Trainee: 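The following block contains the structure, expressed as structure tokens.
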2 protein chains.
Amino acid sequence: MSKSELVVLGQDDAVACCSPMVREPLGEEAAVDLARMFKALSDPVRLRLLSLIASHEGGEACVCDLTGPFDVSQPTISHHLKVLREAGLVGSERRGTWVYYWVLPAALAKLSSLLQTPAGALPSTAEATA
Amino acid sequence: MSKSELVVLGQDDAVACCSPMVREPLGEEAAVDLARMFKALSDPVRLRLLSLIASHEGGEACVCDLTGPFDVSQPTISHHLKVLREAGLVGSERRGTWVYYWVLPAALAKLSSLLQTPAGALPSTAEATA
DNA sequence: GGGCTATATCGATGGTCATCGATTCAGAGT
DNA sequence: ACTCTGAATCGATGACCATCGATATAGCCC
């Protein structure tokens, strides 16, 4: 943490709200930090895991709920969950026999706000200027 | 494949606005598509490139503006720009001697809305439920 | 304790990726 | 046509990563 003097984006783990990267260039350190989080999202299995956890009732899911819907082995699921956890996107806790995972909303919100486009850029899709 | 009866997200390339993955599980095809876009964002250099392009005056930047701020070689920058373009995050056009790149806001908005957390999850940071 | 189930870790393997130097392609100007 | 400059492509290389089977760890129940 710390590194408190720069004006670059996302320098701490708090929510970098209202500072989309469209506004000002990203600092190098911030870019490294954010790239690590995006890399955690760059796998289809992890993306579905995250979505499965987030949309599960109670906001958390047991690993036993997560191994079923995938074609990959249990160690692979465990690996992907570890990646998500180390990226700060999910939290986990063992309760008795089972281990539960939940999404850390602040992390998602940080990335979401970073990608936010300033104006109502939504209507005109894709190749507007192309 | 197919599994067409589900209510899964983002099955087409339109903007998946208002359908954050926190709401309902991501379909497999949608996950593959989205993972490809997030992978393009999973590199610090690409993240800074994107931010540099987006925040440049006029909303677009010449490649000659982009090779300076990095320690990597010109072919590497060119490679990263290609990755961003093929991920549908930026557009490009040659104008005379120079090639210009600009951000495609709809793509960023799509990812941003996907990561949006439903309620005001912003205030309480991280381990809320832990 | 012994066995059973749920997760995590380990080690190996095949594939993908970031990076480079060298080269090629494209346009402009002389 | 020649040359100069900006940018993309090529081929190689070392690093990283997703995946697996085998094994280890953790907690429950009898």
Side-chain angles (χ1 to χ4, degrees), chain A residues 26 28-29 31-53 56 60-87 89-102 130, chain B residues 26 28-29 31-53 56 60-87 89-102 130:
Chain A
L26 226 46
E28 186 166 354
E29 297 182 27
V32 169
D33 189 57
L34 291 164
R36 202 172 357 227
M37 306 184 76
F38 281 123
K39 184 172 296 180
L41 297 175
S42 71
D43 184 276
V45 174
R46 282 198 292 268
L47 226 36
R48 290 177 63 203
L49 274 174
L50 192 67
S51 157
L52 219 50
I53 294 170
H56 200 266
E60 59 180 19
C62 168
V63 176
C64 58
D65 297 323
L66 303 173
T67 44
F70 297 93
D71 294 344
V72 300
S73 70
Q74 175 268 322
T76 299
I77 293 292
S78 194
H79 160 70
H80 284 308
L81 288 172
K82 183 180 187 178
V83 171
L84 288 173
R85 180 160 26 90
E86 290 181 341
L89 296 174
V90 303
S92 70
E93 184 192 15
R94 168 160 226 135
R95 284 205 285 278
T97 305
W98 298 279
V99 177
Y100 292 87
Y101 282 78
W102 57 87
Chain B
L26 226 46
E28 187 166 353
E29 297 181 27
V32 169
D33 189 57
L34 291 164
R36 201 171 0 224
M37 306 185 76
F38 281 123
K39 185 171 295 180
L41 296 176
S42 71
D43 184 277
V45 175
R46 283 198 290 269
L47 226 37
R48 290 177 62 203
L49 274 174
L50 193 67
S51 157
L52 219 50
I53 294 170
H56 200 266
E60 59 180 19
C62 168
V63 177
C64 58
D65 297 324
L66 302 174
T67 44
F70 296 94
D71 295 343
V72 300
S73 69
Q74 175 267 322
T76 299
I77 293 292
S78 194
H79 160 70
H80 283 309
L81 288 171
K82 183 179 186 179
V83 172
L84 287 173
R85 179 160 28 88
E86 290 181 340
L89 296 173
V90 302
S92 70
E93 184 192 15
R94 168 160 227 134
R95 284 204 285 276
T97 305
W98 298 280
V99 176
Y100 291 87
Y101 282 78
W102 56 87

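Below, read A as the first sequence line, B as the second, and so on, with proteins coming before strands; counting in each chain starts at 1. Nothing here was measured: the structure is a model prediction, and the numbers come from that model.
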Trainee: Give the rounded distance in Å between these two atoms: CG of A:D43 and P of D:dC16.
Mentor: 18 Å
Trainee: With side-chain contact (heavy atoms from CB on, under 4.5 Å) as the test, pick out the partner of A:I53 among A:L81, A:L89, A:D65.
Mentor: A:L81
Trainee: How close or far is atom C1' of C:dA8 from atom CD of A:E86, stated in whole angstroms?
Mentor: 12 Å
Trainee: So which one's nearest nucleotide on DNA chain D is more toward 5', A:D71 or B:W98?
Mentor: B:W98
Trainee: Looking only at the side chain of A:C64 (C-beta and beyond, no hydrogens), which of the listed nucleotides D:dG6, C:dT7, D:dG21 gets closest?
Mentor: C:dT7
Trainee: Does A:T97 place a side-chain N or O at less than 4.0 Å from the phosphate oxygens OP1/OP2 of C:dT5?
Mentor: no
Trainee: Which listed nucleotide (C:dC20, D:dA22, D:dG6) is nearest to the side chain of A:P75?
Mentor: D:dA22
Trainee: What is the distance, rounded to the nearest whole Å, between atom CG of B:L49 and atom P of D:dA8?
Mentor: 11 Å
Trainee: Just how far, in rounded Å, is C1' of D:dA7 from CG of B:L66?
Mentor: 12 Å
Trainee: Of the listed nucleotides (D:dT19, C:dC20, C:dA18), which one gets closest to any side-chain atom of B:V72?
Mentor: C:dC20
Trainee: Can you find a pair of side-chain heavy atoms, one from A:F70 and one from A:L49, that are under 4.5 Å apart?
Mentor: yes
Trainee: Rounded to the Å, how far apart are B:L41 CG and C:dC17 C1'?
Mentor: 16 Å
Trainee: Check this one for me: any side-chain N or O of B:Y100 less than 4.0 Å away from OP1 or OP2 of D:dG6?
Mentor: no
Trainee: With a 4.0 Å limit, can you tell me whether B:H80 has a side-chain N or O closer than that to the phosphate oxygens OP1/OP2 of C:dC17?
Mentor: no
Trainee: So, is A:H79 near the phosphate of C:dC10, with a side-chain N or O under 4.0 Å from OP1 or OP2?
Mentor: no
Trainee: Is there a side-chain contact between A:K82 and A:S78 in this structure, where contact means two heavy atoms from C-beta onward sitting under 4.5 Å apart?
Mentor: no
Trainee: Closer to the 5' end of DNA chain D via nearest nucleotide, is it A:R95 or A:T76?
Mentor: A:T76
Trainee: Taking donor-acceptor contacts at under 3.5 Å, does the side chain of A:Q74 reach the base of C:dA6?
Mentor: no
Trainee: What's the closest nucleotide to the side chain of B:C62 if the choices are D:dT9, D:dA7, C:dT7?
Mentor: D:dA7
Trainee: Does a side-chain heavy-atom distance below 4.5 Å link A:I77 with A:V72?
Mentor: yes
Trainee: Can you find a pair of side-chain heavy atoms, one from A:E93 and one from A:V99, that are under 4.5 Å apart?
Mentor: no
Trainee: Output the rounded distance in Å from CG (B:D65) to P (D:dA7).
Mentor: 8 Å
Trainee: Nearest whole Å is fine: how far is C:dA18 C1' from B:R48 CZ?
Mentor: 16 Å
Trainee: Nearest of C:dA8, D:dG6, C:dG21 to any side-chain atom of B:R94?
Mentor: D:dG6
Trainee: Side-chain contact, heavy-atom cut-off 4.5 Å: A:S92 with A:Y100?
Mentor: no
Trainee: Rounded to whole angstrom units, what separation is found between the CD1 atom of B:I77 and the P atom of D:dT9?
Mentor: 15 Å
Trainee: Looking at C:dC17, C:dA18, C:dG21, which one has an atom nearest to any side-chain atom of B:R46?
Mentor: C:dA18
Trainee: With sugar-phosphate meaning primed atoms plus P, OP1 and OP2, does A:Y101 contact a base, only sugar-phosphate, or nothing at under 4.0 Å between heavy atoms?
Mentor: sugar-phosphate
Trainee: Which nucleotide in the list C:dT9, D:dA7, C:dC20 gets nearest to the side chain of A:S78?
Mentor: C:dT9
